[in-house]
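To start, the structure under review is shown below, and the notes come after it.
Since this is a predicted model, take the numbers as computed values, not measurements. Here is how names work: the chains are called A, B, and so on, in the same order as the sequence lines, proteins then strands, and each is numbered from 1.
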There are 2 protein chains.
Amino acid sequence: MKVQLRVNMNEALFLRNPEETDLGKKIIKYSILLIHKNGFESFTFKKLAEESGTTEASIYRYFENKHRLLIYLVTWYWSWLEYQISFQTNNMADPVKRLRKVIKLLTTTVEDDDSTSYVNESLLHQIVISEGSKSFLTKHVGEDNKLHFFKPYKDLCAVIGNMILACNPDYKYPKSLASTIVEMAHFQNFFMHNLPSLTDFGLKKEEAEIVDFLNDLVFTSLNKS
Amino acid sequence: MKVQLRVNMNEALFLRNPEETDLGKKIIKYSILLIHKNGFESFTFKKLAEESGTTEASIYRYFENKHRLLIYLVTWYWSWLEYQISFQTNNMADPVKRLRKVIKLLTTTVEDDDSTSYVNESLLHQIVISEGSKSFLTKHVGEDNKLHFFKPYKDLCAVIGNMILACNPDYKYPKSLASTIVEMAHFQNFFMHNLPSLTDFGLKKEEAEIVDFLNDLVFTSLNKS
DNA sequence: TTAAAATGATAGTAAAGCTATCGTAAATAA
DNA sequence: TTATTTACGATAGCTTTACTATCATTTTAA
């Protein structure tokens, strides 16, 4: 059985839906490759056009600017991850086990998923680590938020926040702890690889250590009487 | 008694030391005002030149590019904050009280400090919240790190990591917890003001609540038997 | 006071970040 | 089928950004 996974994206993010055309899928595919390779700062629509065998003008027919495209990629990832979480924690009765699973999914390198042909989730995961924060750390975060660009991120955090409450209904900061887990799953990964003295994982550089740290952080907070 | 505070900056960050000339101080002063007002993305040396009554060319004599200037500002802040911490926790015997003080200093809005005339610490604090991560979230973080640009940040985290060990010598993740505290002091602040559903502080929007959250997070982790 | 250093004034270049137009091919509707 | 949208490619052009270079003038230091 082959199932095709399709992520429902906010229509305000694009001018023309990239999922619906070959060119659109190429734009997504090569934007992931290019941003992963050279970083978001040096990424331009001109380079993307060359790489994907089209013209700058054509890309502007899909996305207003490169920042919108970044938000598109990042929120695609959050939506996809929330789906992965709901799929993989389905039928898990124990809320603690569910939360442990979530921490592992957030932290661990994802394998490329064949059910989404033009998106390389593994590269996208690394992009979200390095560039994800830039999607909201702007002066126009308020307007972008009004357009609901960050809904997938907020939804994911809300899901995690509810799992936290399922573990301990009396815990006072479920939302803040949820966003802390998500951000730290990525920041500790970035630090481990680039500024290792900011972590305790400089020697082995294994994601499993980040998982241990986050598990310790979260469950000591939730288990106190 | 009036003391002038001077932060020792990494010489590789600038071409000409901005602390040593009137123009240099103006560049720092107005770059803080401009970045705070319009954000780092729309900040240019041309606008800065107009604002500070000089020319683009003159600013390029001080800083290679705007990213170096951002790192200058952010690391200046980290150095200043580490000094504030050492000053304000001096003579505190109880390591728990010291760490609480640090969390408060990290999280709470700073007042403008008269002993550094051309730097508005309060505005700079907000810049570090919104733009600070961009100083290292780049493709050239490795080279920048080799030039020791992030030493003040690492030093600060190391100090906090040692305070964590002073509270509990057996705690396994002092460095990661330190960087988590620092990052979350800022991210929870940004979220509270811009994406409040990611926090538990959306109603009152008070920094004191972030302090409570971080204290809870840190000290339950450190107090477990 | 004289030389050196810092700044201002001005010019210029390549690239980034767009917008506009036109022709054609392919998809779609009448 | 024919007519007509629609999508895309090709090309041009415009403003801003991110620099570099040159030379005159002012300030500072020896």
Taking side chain to side chain donor-acceptor pair (under 3.5 Å) as the definition, give me every residue that meets it alongside B/Glu82, ordered by chain and number, with sequence neighbours left out. none
Using a 4.0 Å heavy-atom cut-off, does A/Tyr60 contact any base of the nucleic acid, only the sugar-phosphate backbone, or nothing at all? base
With sugar-phosphate meaning primed atoms plus P, OP1 and OP2, does B/Lys66 contact a base, only sugar-phosphate, or nothing at under 4.0 Å between heavy atoms? sugar-phosphate
Residue pairs meeting salt bridge (charged side-chain N to carboxylate O under 4.0 Å, His left out), one or both in residues 177-192 of chain B, sequence neighbours left out, come to none
List in numerical order all residues of residues 27-38 of chain A for which some heavy atom is under 4.0 Å away from an atom belonging to DNA chain D. none
From the list A/Asp200, A/Leu217, A/Thr199, side chain to side chain contact (heavy atoms under 4.5 Å, CB included) partner of B/Leu177 resolves to A/Leu217
Test: side-chain hydrogen bond (donor to acceptor under 3.5 Å, both in side chains). Region: residues 6-30 of chain A. Which pairs qualify, not counting sequence neighbours? A/Thr21-A/Tyr62
Pairwise salt bridge (charged side-chain N to carboxylate O under 4.0 Å, His left out) hits with a residue in residues 118-139 of chain B, at least two apart: B/Glu41-B/Lys134, B/Glu131-B/Lys134
Specify the separation, in whole Å, of atom CZ of A/Phe45 and atom C1' of C/dT19. 14 Å
Please list each protein N or O that sits under 3.5 Å from an N or O in nucleotides 5-10 of chain C, with the distance.
from  : atom 1 : to      : atom 2 : distance (Å)
C/dT7 : OP1    : B/Tyr62 : OH     : 2.8
C/dT7 : OP2    : B/Arg16 : NH1    : 2.9
C/dT7 : OP2    : B/Tyr62 : OH     : 2.8
C/dG8 : OP2    : B/Thr54 : OG1    : 2.3
C/dG8 : OP2    : B/Ser58 : OG     : 3.1
C/dG8 : N7     : B/Arg61 : NH1    : 3.2
C/dG8 : O6     : B/Arg61 : NH2    : 2.8

Which residue pairs pass the side-chain hydrogen bond (donor to acceptor under 3.5 Å, both in side chains) test when at least one of the two sits in residues 63-76 of chain A, sequence neighbours left out? A/Glu64-A/Arg68
Tell me every residue that passes side chain to side chain contact (heavy atoms under 4.5 Å, CB included) with A/Ser130, counting only those two or more places apart in sequence or in another chain. A/Phe190
B/Trp78 ring center near B/His125 ring center (under 6.0 Å): no
Start and end of chain A contact along DNA chain D [non-hydrogen atoms, under 4.0 Å]: D/dA7 to D/dT11
Write down the distance between CZ (A/Phe43) and P (C/dA15), rounded to a whole number of angstrom. 18 Å
Quick one: which residue pairs count as a salt bridge (charged side-chain N to carboxylate O under 4.0 Å, His left out) with a foot in residues 53-62 of chain A, not counting sequence neighbours? none
The helix from C/dT1-D/dA30 to C/dA30-D/dT1: angle between its terminal axes, five pairs each, to 10°? 20°
Rounded to the nearest angstrom, tell me the gap between atom NZ in B/Lys46 and atom P in C/dA16. 19 Å
Verify the ring-centre separation between B/Phe136 and B/Phe149: is it less than 6.0 angstrom? no
With a 6.0 Å cut-off on the ring centroids, do A/Phe201 and A/Phe191 count as close? no
Which class fits the ring pair B/Tyr77 and B/Trp80: parallel under 30°, tilted 30 to 60°, perpendicular over 60°? tilted
Sequence neighbours excluded, which residues qualify as side chain to side chain donor-acceptor pair (under 3.5 Å) partners of A/Ser133? none
